[in-house]
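In what follows, a structure is listed as structure tokens, so that the remarks can point back to it.
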Amino acid sequence: MVVVPDRDFDIAKIAASGQCFRLNQTDENTFRLVAQGNELSIESRPSGSVRLNCSREEWDGVWRSYFDMETDYAAIREAIDPNDAYLSAAGAYGAGIRILRQDPWETLISFILSQRKNIPAIKRCVETLCARFGEPLAGAPDRRAFPSAHRLAEVDVDCYNKCALGYRSGYVHAAAQMVASGELDLSRLAVLPDGALMEALLSVPGVGKKIADCTMLFGFHRLNRFPVDVWIERVLTREYPAGFPLSRYAGSEGVLQQYIFYYERTRQRSKKELP
DNA sequence: GACCAGGTGTCCG
DNA sequence: CGGACACCTGGT
């Protein structure tokens with residue numbers, strides 16, 4: 001067990017932020033994550049600290065980086081223009097969100113699946129792929145890892161249709177072919193500058209700017225990406241008719257995007273759930 | 001049953 | 001180049 005006292009680490013908010021599809025609430029204060037070939041149980045405690053069921057070595061070697069603990073999110077929020085009431089509120093509200101360092105391949109496929117789907121539907125598709133094609137985890141054989149590109153390249157489109165991927169079946173199939181064949185070498189892409197990485201991702205069928213931005217932000221940790229989906233678009237129209245000051249926040253645009261997204265989605269939901 | 005959901009590719013003006 | 005429209009599927 002490891003206890004992380006960092007107050008800027010809120011697993012409930014991260015789980016609700018829509019960046020990760022295999023982080024699920026299992027109890028009032030408990031979450032389960034499958035990533036990095038492992039299963040991790042995470043408990044948020046009243047004190048604000050986080051308890052994880054892993055060894056100190058595993059935390060230091062794997063999860064500290066996965067949860068991006070070396071980035072100073074408080075500093076990013078402190079840089080928010082105090083005259084920007086909306087962004088200040090969104091930042092305060094979303095404090096504790098971090099941008100996870102997820103696997104690029106899993107991120108790419110997950111966001112290809114995400115188009116025209118809500119979060120529960122995306123999660124269902126991802127879990128179906130894992131259940132059918134993923135390898136059992138060494139430490140938890142009843143759970144399965146996200147399937148490799150090599151494995152998914154063997155799966156035919158019909159099979160994806162049976163997994164209820166819909167018209168995204170062909171996209172997943174094509175992406176798996178490209179990665180398994182080496183035509184799209186994700187580890188090589190990781191060292192490319194933003195423009196070249198974006199261009200490579202856009203060459204995958206079914207990947208447009210939004211999904212490429214999400215893959216860059218969540219799978220390649222390019223914190224300067226600012227994915228614009230319909231929710232963000234609404235905010236930009238409503239709150240920033242003169243344009244969002246992206247250049248002021250160069251290098252941390254993606255973090256602000258997550259604060260805004262979480263702020264909007266959570267408020268929307270609580271509004272809807274009122275009687 | 002119509003309509004929409006964290007988009008993309010295509011076709012048309 | 002900008003604007004419509006179809007696309008699978010599951011949920012209201």
Side-chain angles (χ1 to χ4, degrees), chain A residues 13-24 90 93-94 97-100 102 106-132 152 155-178 184 197-220 222-223 225-240 244 246 253-275:
Chain A
K13 291 184 188 176
I14 293 171
S17 73
Q19 61 177 296
C20 175
F21 303 107
R22 300 197 80 194
L23 172 58
N24 293 299
Y93 193 82
I97 294 175
R98 316 185 71 82
I99 310 284
L100 308 183
Q102 299 184 69
E106 177 172 345
T107 306
L108 174 64
I109 296 301
S110 298
F111 280 93
I112 286 176
L113 293 177
S114 77
Q115 53 190 149
R116 300 294 297 173
K117 276 185 181 295
N118 55 31
I119 291 172
I122 302 164
K123 287 185 172 181
R124 258 197 311 276
C125 284
V126 170
E127 284 311 320
T128 302
L129 289 183
C130 293
R132 296 192 57 162
L152 288 191
V155 177
D156 60 30
V157 176
D158 253 15
C159 212
Y160 288 131
N161 284 327
K162 287 186 191 131
C163 294
L165 304 195
Y167 65 87
R168 305 157 196 84
S169 291
Y171 299 155
V172 171
H173 182 74
Q177 300 295 323
M178 291 172 73
L184 193 72
L197 173 55
M198 170 64 79
E199 190 185 353
L201 292 173
L202 291 177
S203 75
V204 181
V207 176
K209 182 159 195 320
K210 192 270 177 179
I211 287 174
D213 273 335
C214 285
T215 305
M216 287 177 71
L217 177 57
F218 304 126
F220 289 93
R222 304 292 170 104
L223 297 186
R225 292 295 103 185
F226 189 84
V228 177
D229 55 39
V230 294
W231 294 93
I232 298 295
E233 185 65 48
R234 279 175 212 153
V235 174
L236 296 183
T237 305
R238 190 183 73 226
E239 306 287 340
Y240 299 94
F244 186 83
L246 276 178
E253 297 94 324
V255 176
L256 301 178
Q257 192 270 9
Q258 281 287 279
Y259 288 148
I260 295 171
F261 184 79
Y262 176 75
Y263 187 51
E264 282 299 309
R265 288 303 308 269
T266 309
R267 289 157 87 228
Q268 176 75 23
R269 219 173 320 175
S270 47
K271 242 186 285 179
K272 237 171 40 179
E273 280 165 12
L274 290 176

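For clarity, every value in this text was computed on a predicted model and none was experimentally measured. Chain letters run A, B, ... following the sequence lines, proteins first, then strands; residues in each count from 1.
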A:Gln19 side-chain N/O to A:Arg98 backbone N/O, donor-acceptor pair under 3.5 Å: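 Flag set: sc A:Gln19 to bb A:Arg98 pair under 3.5 Å.
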
Donor-acceptor contact below 3.5 Å, side chain A:Arg265 vs main chain A:Ser17: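 Here the side-chain-to-backbone pair does not exist.
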
Check: A:Gln258 and A:Phe226 side chains under 4.5 Å, non-hydrogen atoms: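 Answer no - side chains too far apart.
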
Any strand: nucleotide that pairs with B:dG6 via Watson-Crick or wobble, under 3.5 Å: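 B:dG6 is paired with nothing.
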
What does [X] touch in the nucleic acid at a heavy-atom separation under 4.0 angstrom: a base, only the sugar-phosphate, or nothing?
| X | value |
| --- | --- |
| A:Ser17 | base |
| A:Arg168 | base |
| A:Gly18 | base |
| A:Pro227 | nothing |

N/O (side chain, A:Arg116) to phosphate O (OP1/OP2, B:dG6) under 4.0 Å: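 No.
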
Geometric class of the A:Phe261/A:Trp231 ring pair [parallel <30°, tilted 30-60°, perpendicular >60°]: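 Answer is perpendicular, since the angle exceeds 60°.
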
Integer-rounded Å distance: [N] [atom2] and [X] [atom1]:
| X | N | atom1 | atom2 | answer |
| --- | --- | --- | --- | --- |
| A:Ile122 | B:dC4 | CD1 | C1' | 14 Å |
| A:Lys117 | B:dC3 | NZ | P | 21 Å |
| A:Leu165 | C:dC8 | CG | C1' | 10 Å |
| A:Gln115 | B:dG6 | CD | P | 13 Å |
| A:Asp158 | C:dC8 | CG | C1' | 14 Å |
| A:Ile112 | B:dG9 | CD1 | C1' | 14 Å |
| A:Phe111 | B:dA5 | CZ | C1' | 15 Å |
| A:Arg234 | B:dC4 | CZ | P | 11 Å |

No-hydrogen, no-angle side-chain donor-acceptor test under 3.5 Å, A:Thr107 and A:Gln102: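 Short answer, no.
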
Earlier contact from the 5' end, DNA chain B, for A:Pro205 and A:Gln19: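 Looking at DNA chain B, the more 5' nearest nucleotide goes with A:Gln19.
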
B:dG7 base / A:Tyr167 side chain donor-acceptor hit below 3.5 Å: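 Answer yes: a donor N or O sits under 3.5 Å from an acceptor.
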
Candidate nucleotides B:dT8, B:dG6, C:dG11, ranked by approach to the side chain of A:Arg124 - the nearest: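 The nucleotide sitting nearest to the side chain is C:dG11.
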
Minimum-distance nucleotide (side-chain atoms of A:Ala164 versus B:dG6, C:dT9, B:dA5):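 Nucleotide nearest to A:Ala164's side chain: C:dT9.
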
Same-atom distance (P) from C:dG3 to B:dG6, integer angstrom: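 Approximately 22 Å lies between the P atom of C:dG3 and that of B:dG6.
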
